[in-house]
Amino acid sequence: MSKKTGLIVPHDYKLLSIAAILEVFETANKLYKGTEKPFEIMVFQSSEQINQEQLFGYKVNSIDNCNQDLDLILIPAFTTDNMSEMIAKNKKFIPWLQKQHKAGAELASFCTGAFLFAASGLLNEKLATTHVDACSAFTKAFPLVKLKSEETLTADGSLYTSGGSTSTFHLLILLVQKYCGNEIAVQIAKIFSIDLNRYKQSYFSTFRPNHLHNDSLVAMLQQKIENHYSTIEKLEEITKDIPTSTRNMTRRFKLVTGIPPIEYLQNIRVESSKKYLEQTQLSISEIIEKTGYNDPKAFRKVFYKMVGMKPIEYREKFRVQ
(Lines give C-alpha, C1' and ligand atoms only; values in the text may rest on other atoms or scores of the structure.)
Protein backbone atom coordinates (compact mmCIF):
# COMPACT_ATOMS: atom_id res chain seq x y z
CA MET A 1 0.00 0.00 0.00
CA SER A 2 1.39 3.39 -1.01
CA LYS A 3 2.53 5.70 1.79
CA LYS A 4 0.63 8.97 1.75
CA THR A 5 3.51 11.41 1.54
CA GLY A 6 2.86 15.11 2.03
CA LEU A 7 5.37 17.74 0.93
CA ILE A 8 4.59 21.13 2.40
CA VAL A 9 5.41 24.18 0.28
CA PRO A 10 5.51 27.03 2.81
CA HIS A 11 6.37 30.70 2.45
CA ASP A 12 10.09 31.30 1.73
CA TYR A 13 10.70 27.70 0.70
CA LYS A 14 14.00 26.85 -0.98
CA LEU A 15 13.39 25.58 -4.50
CA LEU A 16 16.53 23.42 -4.55
CA SER A 17 15.32 21.58 -1.44
CA ILE A 18 11.88 20.93 -2.96
CA ALA A 19 13.51 19.72 -6.18
CA ALA A 20 15.81 17.28 -4.37
CA ILE A 21 12.96 15.81 -2.32
CA LEU A 22 10.68 15.31 -5.32
CA GLU A 23 13.48 13.96 -7.51
CA VAL A 24 14.45 11.25 -5.01
CA PHE A 25 10.91 10.12 -4.20
CA GLU A 26 9.87 10.15 -7.86
CA THR A 27 12.97 8.11 -8.73
CA ALA A 28 12.13 5.60 -5.98
CA ASN A 29 8.63 5.25 -7.42
CA LYS A 30 10.07 4.57 -10.88
CA LEU A 31 12.58 1.99 -9.61
CA TYR A 32 10.06 0.08 -7.49
CA LYS A 33 8.95 -3.13 -9.17
CA GLY A 34 5.80 -3.77 -7.15
CA THR A 35 2.26 -3.27 -8.39
CA GLU A 36 1.80 -0.12 -6.27
CA LYS A 37 4.22 2.79 -6.06
CA PRO A 38 5.70 3.12 -2.55
CA PHE A 39 4.95 6.85 -2.27
CA GLU A 40 1.72 8.69 -3.07
CA ILE A 41 3.17 12.19 -3.29
CA MET A 42 0.94 15.14 -2.39
CA VAL A 43 1.73 18.86 -2.18
CA PHE A 44 0.26 21.03 0.61
CA GLN A 45 -0.04 24.77 1.21
CA SER A 46 -2.18 26.97 3.43
CA SER A 47 -5.33 28.33 1.78
CA GLU A 48 -3.98 31.89 1.75
CA GLN A 49 -1.00 30.76 -0.34
CA ILE A 50 -2.82 28.82 -3.03
CA ASN A 51 -3.04 30.78 -6.29
CA GLN A 52 -2.77 27.94 -8.79
CA GLU A 53 -4.16 24.44 -9.07
CA GLN A 54 -0.79 22.73 -9.54
CA LEU A 55 2.77 23.09 -8.29
CA PHE A 56 5.70 21.07 -9.62
CA GLY A 57 3.26 18.89 -11.54
CA TYR A 58 1.12 18.03 -8.49
CA LYS A 59 -2.33 19.16 -7.43
CA VAL A 60 -2.09 21.65 -4.56
CA ASN A 61 -3.97 20.55 -1.43
CA SER A 62 -4.96 22.91 1.37
CA ILE A 63 -3.99 22.10 4.94
CA ASP A 64 -7.07 24.02 6.07
CA ASN A 65 -9.51 21.44 4.72
CA CYS A 66 -7.35 18.32 4.78
CA ASN A 67 -9.45 15.42 6.06
CA GLN A 68 -6.94 12.62 5.57
CA ASP A 69 -4.21 11.26 7.80
CA LEU A 70 -0.79 11.13 6.14
CA ASP A 71 1.99 8.60 6.70
CA LEU A 72 4.95 10.89 6.06
CA ILE A 73 5.31 14.69 5.97
CA LEU A 74 8.36 16.45 4.50
CA ILE A 75 9.45 19.95 5.51
CA PRO A 76 11.88 21.62 3.05
CA ALA A 77 14.62 24.15 3.70
CA PHE A 78 14.05 27.91 3.65
CA THR A 79 15.74 30.72 1.72
CA THR A 80 15.54 33.37 4.43
CA ASP A 81 17.90 33.99 7.35
CA ASN A 82 15.11 35.64 9.36
CA MET A 83 13.67 32.49 10.92
CA SER A 84 11.35 34.30 13.35
CA GLU A 85 9.65 36.06 10.45
CA MET A 86 9.50 32.81 8.46
CA ILE A 87 7.83 30.98 11.36
CA ALA A 88 5.30 33.81 11.76
CA LYS A 89 4.43 33.61 8.05
CA ASN A 90 4.00 29.84 8.25
CA LYS A 91 2.28 29.57 11.65
CA LYS A 92 -0.78 27.91 10.09
CA PHE A 93 1.31 24.82 9.38
CA ILE A 94 2.13 24.30 13.09
CA PRO A 95 -1.23 22.96 14.37
CA TRP A 96 -1.57 20.89 11.19
CA LEU A 97 1.83 19.26 11.75
CA GLN A 98 0.90 18.57 15.38
CA LYS A 99 -2.44 17.04 14.38
CA GLN A 100 -0.89 14.86 11.68
CA HIS A 101 1.84 13.61 14.02
CA LYS A 102 -0.72 12.79 16.71
CA ALA A 103 -2.63 10.76 14.09
CA GLY A 104 0.52 8.73 13.35
CA ALA A 105 2.44 10.61 10.65
CA GLU A 106 6.23 10.53 10.57
CA LEU A 107 7.84 13.94 10.04
CA ALA A 108 11.14 14.82 8.36
CA SER A 109 12.77 18.22 7.94
CA PHE A 110 15.66 19.13 5.69
CA CYS A 111 18.34 21.69 6.50
CA THR A 112 16.71 24.87 7.93
CA GLY A 113 13.28 23.24 7.71
CA ALA A 114 14.11 22.17 11.28
CA PHE A 115 13.15 25.68 12.47
CA LEU A 116 9.50 25.29 11.45
CA PHE A 117 9.58 21.70 12.72
CA ALA A 118 10.90 22.80 16.12
CA ALA A 119 8.37 25.64 16.32
CA SER A 120 5.68 22.96 16.49
CA GLY A 121 7.11 21.73 19.80
CA LEU A 122 7.37 18.20 18.43
CA LEU A 123 11.18 18.24 18.70
CA ASN A 124 11.27 19.20 22.38
CA GLU A 125 13.58 16.76 24.21
CA LYS A 126 14.23 15.07 20.85
CA LEU A 127 17.40 14.79 18.78
CA ALA A 128 17.72 17.15 15.82
CA THR A 129 20.19 18.78 13.46
CA THR A 130 20.14 21.59 10.90
CA HIS A 131 22.52 23.53 8.66
CA VAL A 132 25.82 24.06 10.49
CA ASP A 133 25.66 27.83 10.01
CA ALA A 134 22.20 27.96 11.59
CA CYS A 135 22.99 25.90 14.70
CA SER A 136 23.72 28.83 16.99
CA ALA A 137 20.43 30.55 16.14
CA PHE A 138 18.57 27.26 16.43
CA THR A 139 19.93 26.58 19.94
CA LYS A 140 18.91 30.04 21.12
CA ALA A 141 15.42 29.72 19.63
CA PHE A 142 14.76 26.14 20.75
CA PRO A 143 16.76 25.32 23.91
CA LEU A 144 14.59 22.25 24.67
CA VAL A 145 15.68 20.47 21.48
CA LYS A 146 18.71 18.20 21.74
CA LEU A 147 20.67 19.69 18.84
CA LYS A 148 23.41 17.48 17.36
CA SER A 149 25.23 20.01 15.19
CA GLU A 150 27.92 17.53 14.12
CA GLU A 151 25.46 14.96 12.82
CA THR A 152 24.53 14.52 9.18
CA LEU A 153 21.03 13.52 10.22
CA THR A 154 19.04 12.46 13.26
CA ALA A 155 16.33 9.85 13.68
CA ASP A 156 14.43 9.99 16.95
CA GLY A 157 11.43 7.68 16.83
CA SER A 158 9.20 8.92 14.03
CA LEU A 159 10.95 12.30 13.76
CA TYR A 160 13.83 12.94 11.34
CA THR A 161 16.05 15.93 10.56
CA SER A 162 19.02 16.52 8.26
CA GLY A 163 21.88 18.97 8.08
CA GLY A 164 22.59 21.11 5.05
CA SER A 165 23.97 20.41 1.57
CA THR A 166 24.17 16.71 0.65
CA SER A 167 22.84 15.74 4.08
CA THR A 168 19.40 16.21 2.53
CA PHE A 169 20.11 13.32 0.18
CA HIS A 170 21.33 11.17 3.00
CA LEU A 171 18.10 11.55 4.93
CA LEU A 172 16.14 10.93 1.75
CA ILE A 173 18.09 7.70 1.21
CA LEU A 174 17.35 6.64 4.78
CA LEU A 175 13.62 7.18 4.23
CA VAL A 176 13.74 5.30 0.92
CA GLN A 177 15.56 2.43 2.63
CA LYS A 178 12.89 2.28 5.34
CA TYR A 179 9.95 2.17 2.95
CA CYS A 180 11.44 0.51 -0.16
CA GLY A 181 14.32 -1.64 1.10
CA ASN A 182 18.09 -1.69 0.71
CA GLU A 183 18.27 -2.43 -3.00
CA ILE A 184 16.44 0.71 -4.12
CA ALA A 185 18.27 2.80 -1.50
CA VAL A 186 21.64 1.69 -2.93
CA GLN A 187 20.44 2.44 -6.48
CA ILE A 188 19.34 5.92 -5.39
CA ALA A 189 22.75 6.54 -3.79
CA LYS A 190 24.48 5.56 -7.04
CA ILE A 191 22.15 7.60 -9.27
CA PHE A 192 22.69 10.78 -7.23
CA SER A 193 26.41 10.08 -6.58
CA ILE A 194 26.05 10.17 -2.80
CA ASP A 195 29.29 9.06 -1.14
CA LEU A 196 28.10 6.85 1.70
CA ASN A 197 31.67 6.35 2.93
CA ARG A 198 31.81 9.96 4.15
CA TYR A 199 29.44 9.40 7.01
CA LYS A 200 29.50 7.78 10.41
CA GLN A 201 26.83 5.18 9.91
CA SER A 202 25.69 2.70 7.31
CA TYR A 203 22.28 3.67 6.03
CA PHE A 204 21.45 0.09 5.27
CA SER A 205 21.38 -0.86 8.92
CA THR A 206 18.53 -2.90 10.27
CA PHE A 207 19.80 -2.63 13.86
CA ARG A 208 19.60 0.79 15.46
CA PRO A 209 20.96 0.81 19.04
CA ASN A 210 18.82 2.65 21.55
CA HIS A 211 20.90 5.31 23.31
CA LEU A 212 17.93 7.45 24.36
CA HIS A 213 17.72 6.35 27.98
CA ASN A 214 19.04 7.39 31.39
CA ASP A 215 20.59 4.14 32.66
CA SER A 216 24.28 4.99 33.00
CA LEU A 217 25.37 1.38 33.60
CA VAL A 218 23.60 0.15 30.46
CA ALA A 219 25.12 3.04 28.52
CA MET A 220 28.55 2.03 29.83
CA LEU A 221 28.12 -1.55 28.65
CA GLN A 222 26.75 -0.41 25.27
CA GLN A 223 29.83 1.75 24.75
CA LYS A 224 32.16 -1.07 25.72
CA ILE A 225 30.49 -3.47 23.27
CA GLU A 226 30.43 -0.92 20.43
CA ASN A 227 34.07 0.07 20.95
CA HIS A 228 35.55 -3.39 21.53
CA TYR A 229 33.25 -5.83 19.68
CA SER A 230 36.12 -7.08 17.51
CA THR A 231 38.24 -8.24 20.45
CA ILE A 232 35.64 -9.44 22.97
CA GLU A 233 35.89 -13.18 23.65
CA LYS A 234 33.63 -13.31 26.70
CA LEU A 235 31.23 -10.66 27.96
CA GLU A 236 32.56 -11.17 31.46
CA GLU A 237 35.76 -9.41 30.29
CA ILE A 238 33.96 -6.10 29.86
CA THR A 239 31.37 -6.35 32.63
CA LYS A 240 33.74 -7.07 35.52
CA ASP A 241 34.33 -3.38 36.29
CA ILE A 242 30.63 -2.45 36.10
CA PRO A 243 29.36 -2.06 39.69
CA THR A 244 26.46 -4.52 39.62
CA SER A 245 25.91 -8.26 39.32
CA THR A 246 25.89 -9.97 35.91
CA ARG A 247 22.30 -11.06 36.45
CA ASN A 248 21.14 -7.56 37.31
CA MET A 249 23.11 -6.07 34.43
CA THR A 250 21.53 -8.48 31.95
CA ARG A 251 18.05 -7.70 33.28
CA ARG A 252 18.57 -3.94 33.09
CA PHE A 253 20.21 -4.14 29.67
CA LYS A 254 17.33 -6.12 28.20
CA LEU A 255 14.77 -3.82 29.80
CA VAL A 256 16.37 -0.75 28.18
CA THR A 257 17.51 -2.09 24.79
CA GLY A 258 15.02 -4.89 24.25
CA ILE A 259 17.68 -7.59 23.89
CA PRO A 260 20.32 -9.22 26.15
CA PRO A 261 23.99 -8.12 25.93
CA ILE A 262 25.13 -11.19 23.93
CA GLU A 263 22.52 -10.52 21.24
CA TYR A 264 23.50 -6.85 21.22
CA LEU A 265 27.10 -7.90 20.58
CA GLN A 266 26.03 -10.14 17.71
CA ASN A 267 24.00 -7.33 16.16
CA ILE A 268 26.92 -4.90 16.37
CA ARG A 269 29.24 -7.47 14.76
CA VAL A 270 26.81 -8.26 11.96
CA GLU A 271 26.16 -4.58 11.21
CA SER A 272 29.92 -4.00 11.09
CA SER A 273 30.37 -6.92 8.69
CA LYS A 274 27.58 -5.55 6.48
CA LYS A 275 29.41 -2.23 6.29
CA TYR A 276 32.63 -4.00 5.24
CA LEU A 277 30.70 -5.99 2.63
CA GLU A 278 29.04 -2.85 1.26
CA GLN A 279 32.04 -0.54 1.24
CA THR A 280 35.31 -2.54 1.02
CA GLN A 281 37.00 -5.26 -1.00
CA LEU A 282 38.07 -7.25 2.06
CA SER A 283 37.66 -11.00 1.74
CA ILE A 284 35.03 -12.78 3.84
CA SER A 285 37.83 -14.29 5.96
CA GLU A 286 39.29 -10.84 6.65
CA ILE A 287 35.86 -9.49 7.57
CA ILE A 288 35.26 -12.42 9.93
CA GLU A 289 38.52 -11.63 11.69
CA LYS A 290 37.85 -7.88 11.86
CA THR A 291 34.41 -8.36 13.40
CA GLY A 292 35.55 -10.61 16.21
CA TYR A 293 34.51 -14.06 15.05
CA ASN A 294 36.90 -17.01 15.38
CA ASP A 295 34.67 -19.60 13.73
CA PRO A 296 33.71 -18.91 10.07
CA LYS A 297 30.84 -21.38 10.31
CA ALA A 298 29.41 -19.60 13.36
CA PHE A 299 29.73 -16.22 11.61
CA ARG A 300 27.91 -17.40 8.48
CA LYS A 301 25.16 -18.97 10.59
CA VAL A 302 24.56 -15.80 12.64
CA PHE A 303 24.78 -13.57 9.55
CA TYR A 304 22.23 -15.65 7.65
CA LYS A 305 19.88 -15.72 10.63
CA MET A 306 19.95 -11.94 11.06
CA VAL A 307 20.19 -10.78 7.44
CA GLY A 308 18.35 -13.52 5.58
CA MET A 309 21.10 -14.19 3.04
CA LYS A 310 24.71 -15.37 2.86
CA PRO A 311 27.52 -12.77 3.20
CA ILE A 312 28.58 -13.21 -0.44
CA GLU A 313 24.98 -12.73 -1.60
CA TYR A 314 24.70 -9.57 0.50
CA ARG A 315 27.88 -8.16 -1.06
CA GLU A 316 26.68 -8.89 -4.60
CA LYS A 317 23.37 -7.17 -3.93
CA PHE A 318 24.39 -4.15 -1.88
CA ARG A 319 27.98 -3.35 -2.76
CA VAL A 320 28.47 0.41 -3.16
CA GLN A 321 30.87 0.93 -6.06
Side-chain angles (χ1 to χ4, degrees), residues 3 5-10 13-32 37-43 55-58 71-79 106-117 123 127-135 138 147-156 158-206 208 271 274-275 278-279 317-321:
K3 295 293 180 183
T5 304
L7 170 62
I8 69 167
V9 183
Y13 69 85
K14 191 170 186 176
L15 182 58
L16 188 60
S17 181
I18 296 274
I21 293 167
L22 288 176
E23 189 73 16
V24 169
F25 279 97
E26 288 170 356
T27 302
N29 277 345
K30 289 175 186 175
L31 292 172
Y32 195 73
K37 293 178 180 179
F39 302 107
E40 180 188 346
I41 302 169
M42 293 173 276
V43 166
L55 268 177
F56 317 114
Y58 293 91
D71 298 303
L72 177 64
I73 296 174
L74 310 168
I75 306 170
F78 293 95
T79 54
E106 295 196 306
L107 274 65
S109 68
F110 302 88
C111 193
T112 52
F115 280 81
L116 182 58
F117 196 174
L123 288 178
L127 301 177
T129 191
T130 186
H131 193 287
V132 64
D133 293 337
C135 285
F138 186 92
L147 184 69
K148 299 293 181 181
S149 58
E150 76 284 358
E151 295 294 338
T152 301
L153 61 82
T154 63
D156 195 335
S158 59
L159 309 177
Y160 304 85
T161 64
S162 84
S165 189
T166 55
S167 302
T168 286
F169 283 96
H170 229 142
L171 177 51
L172 289 168
I173 290 170
L174 175 63
L175 294 171
V176 168
Q177 186 269 337
K178 177 174 182 177
Y179 290 112
C180 306
N182 290 354
E183 189 170 3
I184 290 181
V186 171
Q187 287 180 271
I188 294 284
K190 290 179 180 178
I191 288 169
F192 292 96
S193 300
I194 303 303
D195 181 8
L196 298 176
N197 293 313
R198 285 179 52 203
Y199 302 94
K200 293 181 181 179
Q201 58 179 313
S202 167
Y203 282 80
F204 311 111
S205 168
T206 52
R208 302 189 187 282
E271 287 303 321
K274 285 166 65 178
K275 184 176 179 181
E278 291 165 12
Q279 302 178 9
K317 195 166 189 178
F318 300 122
R319 174 73 189 279
V320 179
Q321 302 294 336

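Predicted model only: the values in this text are computed from it and were never measured.
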Checking H170 against L153 for the side chain to side chain contact (heavy atoms under 4.5 Å, CB included) test, could you report, in this order, the C-alpha distance in whole Å, the side-chain angles of both residues, the deciding distance, and whether it holds? CA-CA 8 Å; H170 229 142; L153 61 82; 4.2 Å; yes
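- The shortest heavy-atom contact between L123 and A128 is CD1-CB, 4.0 Å.
- The CE atom of M42 lies 10.0 Å from the CG atom of L72; values are rounded to the nearest 0.5 Å.
- Minimum heavy-atom separation, A28 to I188: N-CD1, 3.9 Å.
- In terms of the salt bridge (charged side-chain N to carboxylate O under 4.0 Å, His left out) criterion, K37 has no residue partners (sequence neighbours excluded).
- The stretch residues 161-173 participates, sequence neighbours left out, in no salt bridge (charged side-chain N to carboxylate O under 4.0 Å, His left out) pair at all.
- Qualifying ring-ring contact (aromatic ring centres under 6.0 Å, His included) partners for F169, counting only residues two or more places apart in sequence or in other chains: F192.
- To the nearest 0.5 Å, atoms CD (E278) and NZ (K275) are separated by 9.5 Å.
- Residues meeting the ring-ring contact (aromatic ring centres under 6.0 Å, His included) test with F115, sequence neighbours left out: F138.
- Distance alone, capped at 3.5 Å, places no donor-acceptor pair between the T152 side chain and the S167 backbone.
- Considering every non-hydrogen atom in both G113 and I75, the closest pair reads O-CG2, 3.6 Å.
- Looking at L31 and I191, their side chains come closer than 4.5 Å, going by heavy atoms from C-beta outward.
- Counting heavy atoms from C-beta outward, F56 and L15 have side chains that approach closer than 4.5 Å.
- Here the side chain of T112 pairs a donor or acceptor atom with the backbone of F78 at under 3.5 angstrom.
- The backbone N or O of C111 lies less than 3.5 Å from a partner atom in the side chain of T130, making a donor-acceptor pair.
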For side chain to side chain contact (heavy atoms under 4.5 Å, CB included), just list the numbers for L7 and Y58, CA-CA rounded to whole Å, side-chain angles, deciding distance to a tenth of an Å, and then say yes or no. CA-CA 10 Å; L7 170 62; Y58 293 91; over 6 Å; no
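- The heavy-atom pair separating T168 from A20 by the smallest distance is CG2-CB, 4.3 Å.
- Between S149 and V132, every side-chain heavy-atom pair lies at or beyond the 4.5 Å cut-off.
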Check against side chain to side chain donor-acceptor pair (under 3.5 Å), T154 and T161: CA-CA 5 Å; T154 63; T161 64; 2.5 Å; yes
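- By the side chain to side chain contact (heavy atoms under 4.5 Å, CB included) test, P38 pairs with N29, Y32, C180, sequence neighbours left out.
- Atom CD1 of I173 sits about 13.0 Å away from atom CD1 of I184, to the nearest 0.5 Å.
- Closest of all the heavy-atom pairs between Y13 and T79 is O-CG2, 3.4 Å.
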Between T5 and Y179, does a side chain to side chain contact (heavy atoms under 4.5 Å, CB included) hold up when you go through it step by step? CA-CA 11 Å; T5 304; Y179 290 112; over 6 Å; no
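- Rounding to the nearest 0.5 angstrom, the gap separating the CD1 atom in I194 from the CG atom in L172 is 9.0 Å.
- One finds a salt bridge joining K274 and E271 here, because a Lys/Arg side-chain nitrogen approaches an Asp/Glu carboxylate oxygen to under 4.0 Å.
- The nearest pair of heavy atoms linking L175 to A108 is CD1-CB, 4.0 Å.
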Evaluate the side chain to side chain contact (heavy atoms under 4.5 Å, CB included) criterion for residues L171 and L174: first the C-alpha distance (whole Å), next the side-chain angles of each, then the deciding distance (0.1 Å), finally the verdict. CA-CA 5 Å; L171 177 51; L174 175 63; 4.1 Å; yes
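- The OG1 atom of T129 lies 5.5 Å from the CG atom of L147; values are rounded to the nearest 0.5 Å.
- For Y160, the ring-ring contact (aromatic ring centres under 6.0 Å, His included) criterion is met by no residue, not counting sequence neighbours.
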